[in-house]
Amino acid sequence: MASLEELLAVAANASSPSIVDESGAQVGGVDPLGLRQINFDLMDKVLPGLNNVASRLRPFVLMTWAWRRVRTIIERDKLGGATDEQMRDFVDRIEAIYSWSQFLLDTDAGIPGGQALADLIYGEKETYRFGGKKWEQRRNLRRTSTGLISPLNYGPGLRSMGWLIPAGPAGVFQPNPLLDSMLDAFEENFSDELDHPAFNKLGSVEVERDDVRRWGELWELSDLTEAEQLAGFERLTGPQADPMRREGMTMLEAAVEYLDDDEPETSALRALMASPPEEWLDIADLHPRADAWRKLQIRQLFRLSLEAMFYWIIRELVDRPVGTEELARRFAKQAALEADETAQKWLDEEAEGNAVEQLDQLDEALNSHDWQGDIPVQIASGLHFCLTAGRNERWDKSEAFDRLPVARALKEADEWQKLSMRDFIGKFIEVWIIAQHAYWCVGRGLADARGRGKTLLRLRIVMDEGGWTLTPGAQARGAPVPTPDRLQTAISLLQECGRIAASE
(Lines give C-alpha, C1' and ligand atoms only; values in the text may rest on other atoms or scores of the structure.)
Protein backbone atom coordinates (compact mmCIF):
# COMPACT_ATOMS: atom_id res chain seq x y z
CA MET A 1 0.00 0.00 0.00
CA ALA A 2 1.31 3.44 -0.93
CA SER A 3 2.27 5.77 1.89
CA LEU A 4 0.70 9.19 2.36
CA GLU A 5 3.91 10.83 1.13
CA GLU A 6 3.86 8.74 -2.06
CA LEU A 7 0.24 9.62 -2.74
CA LEU A 8 0.96 13.32 -2.28
CA ALA A 9 3.91 13.11 -4.67
CA VAL A 10 1.77 11.42 -7.34
CA ALA A 11 -0.94 14.05 -6.92
CA ALA A 12 1.56 16.91 -7.16
CA ASN A 13 2.97 15.60 -10.43
CA ALA A 14 -0.40 14.82 -12.05
CA SER A 15 -1.41 17.03 -14.95
CA SER A 16 -4.85 15.53 -15.57
CA PRO A 17 -7.43 13.28 -13.94
CA SER A 18 -6.73 9.55 -13.95
CA ILE A 19 -8.58 6.38 -13.14
CA VAL A 20 -7.40 4.79 -9.90
CA ASP A 21 -7.31 1.10 -9.13
CA GLU A 22 -10.33 -0.36 -7.40
CA SER A 23 -9.88 -0.39 -3.65
CA GLY A 24 -8.74 -3.70 -2.23
CA ALA A 25 -9.99 -2.87 1.26
CA GLN A 26 -12.51 -5.32 2.64
CA VAL A 27 -15.77 -4.18 4.20
CA GLY A 28 -15.73 -5.23 7.84
CA GLY A 29 -16.03 -4.33 11.50
CA VAL A 30 -17.91 -6.17 14.24
CA ASP A 31 -19.02 -3.24 16.40
CA PRO A 32 -20.41 -0.69 13.91
CA LEU A 33 -21.68 1.75 16.54
CA GLY A 34 -18.94 1.33 19.17
CA LEU A 35 -21.46 0.29 21.83
CA ARG A 36 -20.21 -3.06 23.03
CA GLN A 37 -17.44 -2.07 25.47
CA ILE A 38 -19.97 -0.70 27.96
CA ASN A 39 -21.74 -4.07 27.84
CA PHE A 40 -18.48 -5.82 28.81
CA ASP A 41 -17.84 -3.26 31.56
CA LEU A 42 -21.29 -3.94 33.01
CA MET A 43 -20.64 -7.70 32.91
CA ASP A 44 -17.58 -7.04 35.07
CA LYS A 45 -19.89 -5.64 37.74
CA VAL A 46 -21.65 -9.00 38.07
CA LEU A 47 -19.36 -11.80 36.84
CA PRO A 48 -15.81 -10.37 36.63
CA GLY A 49 -13.02 -12.72 35.67
CA LEU A 50 -15.28 -14.92 33.52
CA ASN A 51 -15.71 -14.91 29.76
CA ASN A 52 -17.94 -16.77 27.32
CA VAL A 53 -15.37 -19.45 26.48
CA ALA A 54 -13.76 -20.72 29.70
CA SER A 55 -16.75 -22.74 30.88
CA ARG A 56 -15.07 -26.02 31.91
CA LEU A 57 -13.19 -26.64 35.15
CA ARG A 58 -10.60 -29.22 34.07
CA PRO A 59 -8.61 -26.86 31.76
CA PHE A 60 -7.94 -24.58 34.74
CA VAL A 61 -6.60 -27.59 36.64
CA LEU A 62 -4.62 -28.90 33.67
CA MET A 63 -2.76 -25.63 33.05
CA THR A 64 -1.98 -25.24 36.76
CA TRP A 65 -0.63 -28.81 36.88
CA ALA A 66 1.50 -28.23 33.76
CA TRP A 67 3.31 -25.33 35.40
CA ARG A 68 3.88 -27.39 38.53
CA ARG A 69 5.15 -30.33 36.47
CA VAL A 70 7.72 -28.31 34.53
CA ARG A 71 9.11 -26.88 37.77
CA THR A 72 9.23 -30.39 39.27
CA ILE A 73 11.32 -31.60 36.31
CA ILE A 74 13.70 -28.64 36.56
CA GLU A 75 14.25 -29.18 40.29
CA ARG A 76 14.55 -32.99 39.94
CA ASP A 77 17.08 -32.85 37.09
CA LYS A 78 18.85 -29.80 38.50
CA LEU A 79 18.20 -27.87 35.29
CA GLY A 80 18.93 -24.50 36.83
CA GLY A 81 19.86 -23.17 33.41
CA ALA A 82 16.47 -23.94 31.87
CA THR A 83 15.17 -20.89 30.06
CA ASP A 84 11.77 -19.31 30.38
CA GLU A 85 11.11 -20.27 26.76
CA GLN A 86 11.90 -23.94 27.49
CA MET A 87 9.44 -23.88 30.37
CA ARG A 88 6.72 -22.32 28.24
CA ASP A 89 7.39 -24.83 25.47
CA PHE A 90 6.81 -27.73 27.88
CA VAL A 91 3.57 -26.20 29.17
CA ASP A 92 2.39 -25.51 25.61
CA ARG A 93 3.08 -29.14 24.75
CA ILE A 94 0.99 -30.41 27.66
CA GLU A 95 -1.84 -28.05 26.69
CA ALA A 96 -1.78 -29.20 23.05
CA ILE A 97 -1.63 -32.90 24.02
CA TYR A 98 -4.55 -32.46 26.39
CA SER A 99 -6.72 -30.69 23.82
CA TRP A 100 -5.77 -33.24 21.16
CA SER A 101 -6.68 -36.09 23.51
CA GLN A 102 -10.11 -34.66 24.29
CA PHE A 103 -10.96 -34.05 20.64
CA LEU A 104 -9.98 -37.64 19.85
CA LEU A 105 -12.59 -38.74 22.41
CA ASP A 106 -15.23 -36.23 21.29
CA THR A 107 -14.84 -33.88 18.33
CA ASP A 108 -17.35 -31.59 20.06
CA ALA A 109 -15.44 -31.59 23.33
CA GLY A 110 -16.54 -28.13 24.50
CA ILE A 111 -13.07 -26.58 24.63
CA PRO A 112 -11.50 -24.16 22.12
CA GLY A 113 -8.90 -25.00 19.51
CA GLY A 114 -10.35 -27.96 17.62
CA GLN A 115 -10.07 -26.38 14.19
CA ALA A 116 -6.40 -25.55 14.68
CA LEU A 117 -5.75 -29.20 15.62
CA ALA A 118 -7.77 -30.64 12.74
CA ASP A 119 -4.77 -32.33 11.09
CA LEU A 120 -3.99 -34.20 14.32
CA ILE A 121 -7.61 -35.06 15.08
CA TYR A 122 -8.67 -36.23 11.62
CA GLY A 123 -5.32 -36.88 9.94
CA GLU A 124 -3.73 -40.26 9.31
CA LYS A 125 -0.33 -39.64 10.91
CA GLU A 126 0.31 -41.98 13.82
CA THR A 127 2.92 -39.77 15.49
CA TYR A 128 3.62 -36.07 15.97
CA ARG A 129 6.88 -34.40 16.96
CA PHE A 130 6.59 -31.57 19.44
CA GLY A 131 9.68 -29.80 18.18
CA GLY A 132 10.96 -28.01 15.11
CA LYS A 133 9.55 -25.20 12.98
CA LYS A 134 6.06 -26.66 12.45
CA TRP A 135 5.54 -27.19 16.16
CA GLU A 136 6.84 -23.70 16.94
CA GLN A 137 4.35 -22.18 14.48
CA ARG A 138 1.48 -24.21 15.97
CA ARG A 139 2.61 -23.40 19.50
CA ASN A 140 2.85 -19.65 18.89
CA LEU A 141 -0.60 -19.57 17.28
CA ARG A 142 -2.11 -21.42 20.23
CA ARG A 143 -0.49 -19.05 22.73
CA THR A 144 -2.26 -16.05 21.26
CA SER A 145 -5.58 -17.37 19.94
CA THR A 146 -6.60 -21.04 19.97
CA GLY A 147 -4.86 -22.53 23.01
CA LEU A 148 -6.33 -22.93 26.48
CA ILE A 149 -3.97 -20.36 28.01
CA SER A 150 -4.67 -17.80 25.27
CA PRO A 151 -5.93 -14.37 26.39
CA LEU A 152 -9.11 -15.19 24.47
CA ASN A 153 -9.80 -18.36 26.44
CA TYR A 154 -8.66 -19.54 29.88
CA GLY A 155 -5.65 -17.25 30.28
CA PRO A 156 -7.36 -14.33 32.05
CA GLY A 157 -9.27 -16.58 34.46
CA LEU A 158 -6.17 -18.60 35.36
CA ARG A 159 -4.60 -15.39 36.64
CA SER A 160 -7.58 -13.48 38.00
CA MET A 161 -8.95 -16.46 39.94
CA GLY A 162 -5.59 -17.30 41.46
CA TRP A 163 -4.83 -20.62 39.78
CA LEU A 164 -1.50 -19.30 38.51
CA ILE A 165 0.82 -16.63 39.89
CA PRO A 166 3.02 -14.55 37.54
CA ALA A 167 6.69 -15.43 38.10
CA GLY A 168 9.05 -13.34 36.02
CA PRO A 169 8.72 -12.38 32.35
CA ALA A 170 5.32 -12.24 30.67
CA GLY A 171 3.92 -15.71 30.08
CA VAL A 172 5.85 -17.41 32.90
CA PHE A 173 3.93 -18.63 35.95
CA GLN A 174 4.07 -20.77 39.04
CA PRO A 175 1.11 -22.69 40.49
CA ASN A 176 -0.69 -21.41 43.55
CA PRO A 177 0.83 -23.49 46.40
CA LEU A 178 -2.59 -23.74 48.04
CA LEU A 179 -3.62 -26.06 45.21
CA ASP A 180 -0.95 -28.74 45.72
CA SER A 181 -3.24 -31.36 47.29
CA MET A 182 -5.82 -30.84 44.54
CA LEU A 183 -3.11 -31.24 41.89
CA ASP A 184 -1.95 -34.44 43.58
CA ALA A 185 -5.48 -35.83 43.28
CA PHE A 186 -5.62 -34.88 39.60
CA GLU A 187 -2.21 -36.38 38.87
CA GLU A 188 -3.14 -39.67 40.53
CA ASN A 189 -5.41 -40.47 37.56
CA PHE A 190 -2.45 -40.81 35.19
CA SER A 191 0.56 -41.21 37.49
CA ASP A 192 1.59 -44.43 35.72
CA GLU A 193 2.10 -42.44 32.50
CA LEU A 194 4.46 -39.81 33.91
CA ASP A 195 7.60 -41.64 32.76
CA HIS A 196 6.68 -40.90 29.14
CA PRO A 197 9.02 -38.23 27.70
CA ALA A 198 6.01 -36.01 26.92
CA PHE A 199 5.52 -35.54 30.67
CA ASN A 200 9.10 -36.06 31.78
CA LYS A 201 11.56 -33.98 29.75
CA LEU A 202 12.06 -30.59 28.21
CA GLY A 203 12.72 -30.08 24.53
CA SER A 204 11.61 -32.03 21.48
CA VAL A 205 9.61 -35.23 21.97
CA GLU A 206 7.61 -37.50 19.69
CA VAL A 207 4.15 -38.70 20.73
CA GLU A 208 2.05 -41.52 19.31
CA ARG A 209 -1.61 -40.99 18.51
CA ASP A 210 -2.60 -44.15 20.41
CA ASP A 211 -0.91 -42.86 23.56
CA VAL A 212 -2.74 -39.54 23.28
CA ARG A 213 -6.07 -41.34 22.93
CA ARG A 214 -5.32 -43.44 26.02
CA TRP A 215 -4.34 -40.38 28.04
CA GLY A 216 -7.57 -38.71 26.99
CA GLU A 217 -9.56 -41.29 28.93
CA LEU A 218 -7.34 -40.94 32.01
CA TRP A 219 -7.88 -37.18 32.34
CA GLU A 220 -11.25 -36.90 30.63
CA LEU A 221 -12.80 -33.44 30.71
CA SER A 222 -15.80 -34.27 32.91
CA ASP A 223 -14.18 -36.83 35.24
CA LEU A 224 -13.48 -34.38 38.04
CA THR A 225 -12.26 -35.30 41.50
CA GLU A 226 -13.92 -33.87 44.60
CA ALA A 227 -10.70 -31.97 45.30
CA GLU A 228 -10.91 -30.29 41.90
CA GLN A 229 -14.55 -29.36 42.43
CA LEU A 230 -13.80 -27.85 45.83
CA ALA A 231 -10.79 -25.94 44.55
CA GLY A 232 -12.80 -24.68 41.59
CA PHE A 233 -15.60 -23.43 43.79
CA GLU A 234 -13.16 -21.66 46.10
CA ARG A 235 -11.53 -19.95 43.10
CA LEU A 236 -14.96 -18.82 41.90
CA THR A 237 -16.58 -17.70 45.13
CA GLY A 238 -14.22 -18.34 48.05
CA PRO A 239 -12.86 -15.78 50.52
CA GLN A 240 -10.09 -14.73 48.10
CA ALA A 241 -12.42 -14.44 45.08
CA ASP A 242 -13.45 -11.12 43.58
CA PRO A 243 -16.27 -9.84 45.83
CA MET A 244 -18.49 -8.94 42.88
CA ARG A 245 -18.07 -12.37 41.32
CA ARG A 246 -18.71 -14.03 44.67
CA GLU A 247 -21.96 -12.09 45.02
CA GLY A 248 -22.89 -12.71 41.38
CA MET A 249 -22.40 -16.47 41.69
CA THR A 250 -24.27 -16.56 45.01
CA MET A 251 -27.13 -14.66 43.35
CA LEU A 252 -27.17 -17.23 40.55
CA GLU A 253 -27.39 -20.08 43.05
CA ALA A 254 -30.28 -18.26 44.76
CA ALA A 255 -32.04 -17.94 41.39
CA VAL A 256 -31.65 -21.67 40.76
CA GLU A 257 -33.10 -22.39 44.20
CA TYR A 258 -36.00 -19.97 43.63
CA LEU A 259 -37.00 -21.62 40.34
CA ASP A 260 -36.92 -25.02 42.08
CA ASP A 261 -36.31 -26.80 38.79
CA ASP A 262 -34.06 -29.83 38.46
CA GLU A 263 -32.71 -28.49 35.16
CA PRO A 264 -33.43 -24.74 35.02
CA GLU A 265 -33.18 -23.15 31.59
CA THR A 266 -30.54 -20.47 31.14
CA SER A 267 -33.16 -18.18 29.62
CA ALA A 268 -35.42 -18.58 32.67
CA LEU A 269 -32.57 -17.75 35.05
CA ARG A 270 -31.56 -14.73 32.97
CA ALA A 271 -35.12 -13.37 32.98
CA LEU A 272 -35.66 -14.00 36.70
CA MET A 273 -32.44 -12.22 37.62
CA ALA A 274 -33.52 -9.22 35.50
CA SER A 275 -36.68 -8.85 37.61
CA PRO A 276 -36.79 -6.52 40.63
CA PRO A 277 -34.89 -8.37 43.39
CA GLU A 278 -37.65 -7.66 45.91
CA GLU A 279 -39.78 -10.15 43.98
CA TRP A 280 -37.46 -13.17 44.30
CA LEU A 281 -34.21 -12.53 46.19
CA ASP A 282 -34.37 -12.76 50.00
CA ILE A 283 -30.71 -11.85 50.58
CA ALA A 284 -30.76 -8.06 50.74
CA ASP A 285 -26.96 -7.82 50.53
CA LEU A 286 -27.18 -9.25 47.01
CA HIS A 287 -29.67 -6.69 45.73
CA PRO A 288 -26.92 -4.39 44.36
CA ARG A 289 -25.65 -7.28 42.24
CA ALA A 290 -29.19 -7.97 41.00
CA ASP A 291 -29.55 -4.29 40.14
CA ALA A 292 -26.28 -4.45 38.19
CA TRP A 293 -27.54 -7.51 36.30
CA ARG A 294 -30.81 -5.76 35.41
CA LYS A 295 -28.94 -2.70 34.11
CA LEU A 296 -26.69 -4.97 32.06
CA GLN A 297 -29.73 -6.53 30.38
CA ILE A 298 -31.22 -3.09 29.62
CA ARG A 299 -27.91 -2.10 28.05
CA GLN A 300 -27.86 -5.38 26.10
CA LEU A 301 -31.31 -4.57 24.73
CA PHE A 302 -30.31 -0.99 23.91
CA ARG A 303 -27.23 -2.13 21.99
CA LEU A 304 -29.11 -4.81 20.04
CA SER A 305 -31.99 -2.44 19.21
CA LEU A 306 -29.67 0.25 17.81
CA GLU A 307 -27.55 -2.22 15.84
CA ALA A 308 -30.74 -3.76 14.43
CA MET A 309 -31.82 -0.26 13.41
CA PHE A 310 -28.43 0.21 11.70
CA TYR A 311 -28.96 -2.94 9.64
CA TRP A 312 -32.54 -1.87 8.88
CA ILE A 313 -31.22 1.45 7.49
CA ILE A 314 -28.68 -0.37 5.31
CA ARG A 315 -31.47 -2.42 3.74
CA GLU A 316 -33.51 0.71 3.08
CA LEU A 317 -30.55 2.26 1.20
CA VAL A 318 -29.89 -0.62 -1.19
CA ASP A 319 -31.77 0.75 -4.21
CA ARG A 320 -31.06 4.47 -3.95
CA PRO A 321 -30.12 7.25 -1.52
CA VAL A 322 -32.75 8.11 1.07
CA GLY A 323 -32.96 11.19 3.32
CA THR A 324 -33.50 11.21 7.07
CA GLU A 325 -37.10 12.38 6.84
CA GLU A 326 -38.04 9.56 4.47
CA LEU A 327 -36.24 6.96 6.60
CA ALA A 328 -38.15 8.21 9.66
CA ARG A 329 -41.45 8.05 7.77
CA ARG A 330 -40.78 4.48 6.63
CA PHE A 331 -39.71 3.32 10.07
CA ALA A 332 -42.75 4.86 11.78
CA LYS A 333 -45.04 3.16 9.27
CA GLN A 334 -43.36 -0.26 9.49
CA ALA A 335 -43.15 -0.11 13.30
CA ALA A 336 -46.82 0.95 13.56
CA LEU A 337 -45.98 4.19 15.39
CA GLU A 338 -48.14 7.34 15.38
CA ALA A 339 -45.84 9.56 13.30
CA ASP A 340 -47.69 12.82 14.01
CA GLU A 341 -48.10 12.32 17.78
CA THR A 342 -45.49 13.76 20.10
CA ALA A 343 -42.65 11.55 21.23
CA GLN A 344 -43.65 12.42 24.80
CA LYS A 345 -46.87 10.46 24.43
CA TRP A 346 -44.90 7.40 23.30
CA LEU A 347 -42.36 7.80 26.10
CA ASP A 348 -45.12 8.14 28.71
CA GLU A 349 -46.54 4.72 27.84
CA GLU A 350 -45.64 2.07 30.43
CA ALA A 351 -42.90 -0.41 29.58
CA GLU A 352 -44.00 -4.04 29.24
CA GLY A 353 -42.20 -7.13 30.52
CA ASN A 354 -38.52 -6.99 31.38
CA ALA A 355 -35.38 -6.42 29.34
CA VAL A 356 -34.66 -10.13 28.83
CA GLU A 357 -38.14 -10.80 27.48
CA GLN A 358 -37.71 -7.85 25.11
CA LEU A 359 -34.30 -9.15 24.04
CA ASP A 360 -35.73 -12.58 23.27
CA GLN A 361 -38.53 -11.06 21.20
CA LEU A 362 -36.13 -8.89 19.21
CA ASP A 363 -33.74 -11.79 18.65
CA GLU A 364 -36.62 -13.95 17.43
CA ALA A 365 -37.72 -11.18 15.06
CA LEU A 366 -34.19 -10.82 13.68
CA ASN A 367 -34.12 -14.54 12.99
CA SER A 368 -37.39 -14.18 11.03
CA HIS A 369 -35.70 -11.77 8.55
CA ASP A 370 -38.97 -9.78 8.38
CA TRP A 371 -37.20 -6.44 7.85
CA GLN A 372 -40.33 -4.48 6.96
CA GLY A 373 -42.63 -5.95 9.58
CA ASP A 374 -41.80 -7.66 12.85
CA ILE A 375 -38.20 -6.40 13.07
CA PRO A 376 -38.99 -2.64 13.07
CA VAL A 377 -41.87 -3.33 15.48
CA GLN A 378 -39.53 -5.07 17.92
CA ILE A 379 -36.80 -2.44 17.47
CA ALA A 380 -39.30 0.24 18.49
CA SER A 381 -40.49 -1.88 21.41
CA GLY A 382 -36.94 -2.48 22.62
CA LEU A 383 -35.98 1.20 22.44
CA HIS A 384 -39.20 2.18 24.18
CA PHE A 385 -38.42 -0.21 27.04
CA CYS A 386 -34.89 1.17 27.46
CA LEU A 387 -36.07 4.80 27.41
CA THR A 388 -38.86 4.18 29.92
CA ALA A 389 -37.72 1.42 32.30
CA GLY A 390 -34.22 2.90 32.07
CA ARG A 391 -35.44 6.02 33.90
CA ASN A 392 -35.84 3.93 37.06
CA GLU A 393 -32.17 2.93 37.19
CA ARG A 394 -29.16 4.74 38.61
CA TRP A 395 -26.68 4.80 35.75
CA ASP A 396 -22.94 5.27 36.13
CA LYS A 397 -22.23 8.80 34.92
CA SER A 398 -18.58 7.90 34.28
CA GLU A 399 -19.38 5.68 31.28
CA ALA A 400 -17.70 6.97 28.12
CA PHE A 401 -19.90 9.58 26.43
CA ASP A 402 -18.81 8.52 22.93
CA ARG A 403 -20.00 4.95 23.53
CA LEU A 404 -23.56 6.23 23.93
CA PRO A 405 -24.36 5.14 27.50
CA VAL A 406 -28.03 4.75 28.39
CA ALA A 407 -27.78 7.78 30.69
CA ARG A 408 -26.85 9.96 27.72
CA ALA A 409 -29.64 8.48 25.58
CA LEU A 410 -32.19 9.21 28.32
CA LYS A 411 -31.02 12.82 28.56
CA GLU A 412 -31.19 13.34 24.80
CA ALA A 413 -34.57 11.61 24.50
CA ASP A 414 -35.87 13.97 27.16
CA GLU A 415 -34.60 16.93 25.11
CA TRP A 416 -36.38 15.61 21.99
CA GLN A 417 -39.68 14.53 23.57
CA LYS A 418 -41.64 17.59 22.37
CA LEU A 419 -40.91 16.67 18.75
CA SER A 420 -43.30 14.69 16.63
CA MET A 421 -42.63 10.97 16.60
CA ARG A 422 -41.39 11.27 13.02
CA ASP A 423 -38.86 13.96 13.95
CA PHE A 424 -37.87 12.06 17.10
CA ILE A 425 -37.06 9.01 14.96
CA GLY A 426 -35.09 11.24 12.61
CA LYS A 427 -33.06 12.54 15.54
CA PHE A 428 -31.99 9.13 16.80
CA ILE A 429 -31.31 7.93 13.23
CA GLU A 430 -28.89 10.82 12.72
CA VAL A 431 -27.37 11.03 16.21
CA TRP A 432 -27.50 7.52 17.66
CA ILE A 433 -26.99 5.57 14.43
CA ILE A 434 -25.30 7.43 11.58
CA ALA A 435 -23.16 9.92 13.54
CA GLN A 436 -22.23 7.21 16.04
CA HIS A 437 -21.27 4.89 13.18
CA ALA A 438 -19.15 7.52 11.40
CA TYR A 439 -17.37 8.54 14.61
CA TRP A 440 -16.22 5.02 15.46
CA CYS A 441 -15.35 4.06 11.88
CA VAL A 442 -13.09 7.10 11.48
CA GLY A 443 -11.50 6.63 14.89
CA ARG A 444 -10.72 2.97 14.34
CA GLY A 445 -9.53 3.60 10.80
CA LEU A 446 -7.05 6.18 12.04
CA ALA A 447 -5.86 3.84 14.77
CA ASP A 448 -5.32 1.07 12.21
CA ALA A 449 -3.41 3.43 9.93
CA ARG A 450 -1.15 4.69 12.71
CA GLY A 451 -0.42 1.14 13.83
CA ARG A 452 -0.27 -0.23 10.26
CA GLY A 453 -2.96 -2.69 11.28
CA LYS A 454 -5.93 -4.05 9.37
CA THR A 455 -7.11 -2.37 6.18
CA LEU A 456 -10.87 -2.49 6.58
CA LEU A 457 -13.62 -0.32 5.15
CA ARG A 458 -15.77 0.02 8.24
CA LEU A 459 -17.83 3.01 7.07
CA ARG A 460 -20.99 1.77 5.37
CA ILE A 461 -23.24 4.84 5.27
CA VAL A 462 -22.30 8.26 3.84
CA MET A 463 -24.11 11.41 2.66
CA ASP A 464 -24.85 11.76 -1.06
CA GLU A 465 -26.77 14.35 -3.06
CA GLY A 466 -30.01 12.42 -2.69
CA GLY A 467 -29.58 11.59 0.99
CA TRP A 468 -27.85 8.78 2.82
CA THR A 469 -26.28 6.07 0.66
CA LEU A 470 -24.13 2.97 1.03
CA THR A 471 -20.37 2.94 0.52
CA PRO A 472 -19.00 0.68 -2.24
CA GLY A 473 -19.00 -2.92 -1.06
CA ALA A 474 -21.52 -2.42 1.75
CA GLN A 475 -24.15 -5.13 1.53
CA ALA A 476 -27.58 -5.67 3.04
CA ARG A 477 -26.94 -8.97 4.70
CA GLY A 478 -26.46 -10.32 8.17
CA ALA A 479 -28.02 -9.19 11.42
CA PRO A 480 -26.76 -8.47 14.94
CA VAL A 481 -27.08 -11.02 17.73
CA PRO A 482 -27.30 -10.55 21.51
CA THR A 483 -23.92 -10.19 23.21
CA PRO A 484 -23.27 -13.33 25.32
CA ASP A 485 -23.39 -12.24 28.96
CA ARG A 486 -21.24 -14.96 30.66
CA LEU A 487 -24.27 -16.50 32.34
CA GLN A 488 -23.87 -19.84 30.54
CA THR A 489 -20.23 -19.95 31.66
CA ALA A 490 -21.22 -19.26 35.27
CA ILE A 491 -23.89 -21.99 35.18
CA SER A 492 -21.49 -24.50 33.62
CA LEU A 493 -18.79 -23.84 36.20
CA LEU A 494 -21.23 -24.17 39.09
CA GLN A 495 -22.42 -27.46 37.61
CA GLU A 496 -18.85 -28.71 37.25
CA CYS A 497 -18.17 -27.72 40.85
CA GLY A 498 -21.18 -29.80 41.91
CA ARG A 499 -23.13 -26.82 43.25
CA ILE A 500 -26.11 -27.11 40.92
CA ALA A 501 -27.47 -30.07 39.01
CA ALA A 502 -26.09 -30.63 35.51
CA SER A 503 -28.46 -31.34 32.65
CA GLU A 504 -28.21 -34.79 31.10
> In terms of the angle between their ring planes, are Trp219 and Trp65 parallel, tilted or perpendicular, with boundaries placed at 30° and 60°?
Replying inline: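 Perpendicular, since the angle between the ring planes exceeds 60°.
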With heavy-atom distances below 4.5 Å as the criterion, would you say the side chains of [X] and [Y] are in contact?
X      : Y      : result
Leu62  : Phe186 : yes
Arg294 : Asn354 : no
Tyr98  : Arg58  : yes
Trp163 : Met63  : no
Leu459 : Val442 : no

For [X], does the [atom1] atom have more than 12 heavy-atom neighbours from other residues, nucleotides or ligands under 6.0 Å away?
X      : atom1 : value
Glu208 : CD    : no
Arg477 : CZ    : no
Gln115 : CD    : no
Lys201 : NZ    : yes
Glu188 : CD    : no

Rounded at 0.5 Å granularity, tell me how far [atom1] in [X] sits from [atom2] in [Y].
X      : Y      : atom1 : atom2 : value
Phe199 : Phe190 : CZ    : CZ    : 6.0 Å
Leu158 : Leu148 : CG    : CG    : 8.5 Å
Asn189 : Glu187 : CG    : CD    : 10.0 Å
Ile314 : Arg460 : CD1   : CZ    : 5.0 Å
Glu126 : Glu206 : CD    : CD    : 11.5 Å
Asp282 : His287 : CG    : NE2   : 7.5 Å

> Checking side-chain contact (heavy atoms from CB on, under 4.5 Å) for the pair Leu202/Asp77: CA distance, chi angles, key distance, verdict?
Replying inline: CA-CA 10 Å; Leu202 306 186; Asp77 298 343; over 6 Å; no
>> Go through it in stages, so that I can follow the logic: the residues are Val70 and Arg93, the test is side-chain contact (heavy atoms from CB on, under 4.5 Å), and I'd like the CA-CA distance, side-chain angles, deciding distance and then a yes or no.
In response: CA-CA 11 Å; Val70 71; Arg93 178 209 305 162; over 6 Å; no
Kindly write out the residues that satisfy side-chain contact (heavy atoms from CB on, under 4.5 Å) with [X], not counting sequence neighbours, or none if the list is empty.
X      : result
Pro151 : none
Gln37  : Phe40, Asp41, Arg403
Glu257 : none

>> If you apply the rule side-chain contact (heavy atoms from CB on, under 4.5 Å), what do you find for Met273 with Val46, and how did you get there?
In response: CA-CA 11 Å; Met273 291 160 57; Val46 186; 5.6 Å; no
If only atom types and distance count, is the side chain of [X] paired as donor or acceptor with the main-chain N or O of [Y] below 3.5 Å?
X      : Y      : value
Thr489 : Asn51  : yes
Arg143 : Ile149 : no
Arg68  : Asn176 : no
Thr144 : Leu141 : yes
Gln102 : Leu221 : yes

> Restricting to pairs with a member in residues 478-501, which pass salt bridge (charged side-chain N to carboxylate O under 4.0 Å, His left out), not counting sequence neighbours?
Replying inline: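 Pairs touching residues 478-501 that pass the test: Asp44-Arg486, Arg56-Glu496, Glu253-Arg499, Arg270-Asp485.
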>> Test side-chain hydrogen bond (donor to acceptor under 3.5 Å, both in side chains) on Asn52 and Gln488; report intermediate values, then the result.
In response: CA-CA 7 Å; Asn52 294 303; Gln488 187 57 58; over 6 Å; no
>> Give me the atom names and distance for the closest heavy-atom approach of Ile491 to Thr266.
In response: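 That closest heavy-atom pairing would be CD1-OG1, 3.7 Å.
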>> Ignoring hydrogens, what is the shortest heavy-atom contact between Met249 and Leu494? Give both atom names and the distance.
In response: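 So the two residues come closest at CE-CG, 3.6 Å.
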>> Applying side chain to side chain donor-acceptor pair (under 3.5 Å) as the test, list every pair that has at least one member in residues 437-447; sequence neighbours left out.
In response: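 Side chain to side chain donor-acceptor pair (under 3.5 Å) check on residues 437-447 returns Asp31-Arg444, Asp402-Tyr439.
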> Ion pair present between Arg213 and Asp210, side-chain N to carboxylate O less than 4.0 angstrom?
Replying inline: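 So Arg213 does not pair with Asp210 through a salt bridge.
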> Between Asp396 and Lys45, does at least one N-O distance fall below 4.0 Å, as a salt bridge requires?
Replying inline: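 Salt bridge: yes.
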>> Out of the candidates Asp89, Asp119, Asp92, only one should pair with Arg138 under the salt bridge (charged side-chain N to carboxylate O under 4.0 Å, His left out) rule; please name it.
In response: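 When salt bridge (charged side-chain N to carboxylate O under 4.0 Å, His left out) is applied between Arg138 and each of Asp89, Asp119, Asp92, only Asp119 qualifies.
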> Run the side-chain hydrogen bond (donor to acceptor under 3.5 Å, both in side chains) check on Thr483 and Arg36 step by step: do they pass?
Replying inline: CA-CA 8 Å; Thr483 307; Arg36 301 188 185 189; 4.9 Å; no
>> Taking salt bridge (Lys or Arg N to Asp or Glu O under 4.0 Å) as the definition, give me every residue that meets it alongside Asp223, ordered by chain and number, with sequence neighbours left out.
In response: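 Counting only residues at least two positions away or on another chain, Asp223 forms no salt bridge (Lys or Arg N to Asp or Glu O under 4.0 Å).
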> Within 45° of the axis and under 6.0 Å from the centre of the six-membered ring of Phe401, does NZ or CZ of Arg408 qualify?
Replying inline: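 Arg408 over Phe401 ring: yes.
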> Is a side-chain donor-acceptor pair under 3.5 Å present for Asn153 with Arg142?
Replying inline: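 Checked: Arg142/Asn153 side chains show no N/O donor-acceptor pair below 3.5 Å.
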> Run the side-chain contact (heavy atoms from CB on, under 4.5 Å) check on Trp293 and Met251 step by step: do they pass?
Replying inline: CA-CA 10 Å; Trp293 179 261; Met251 176 182 68; 4.1 Å; yes
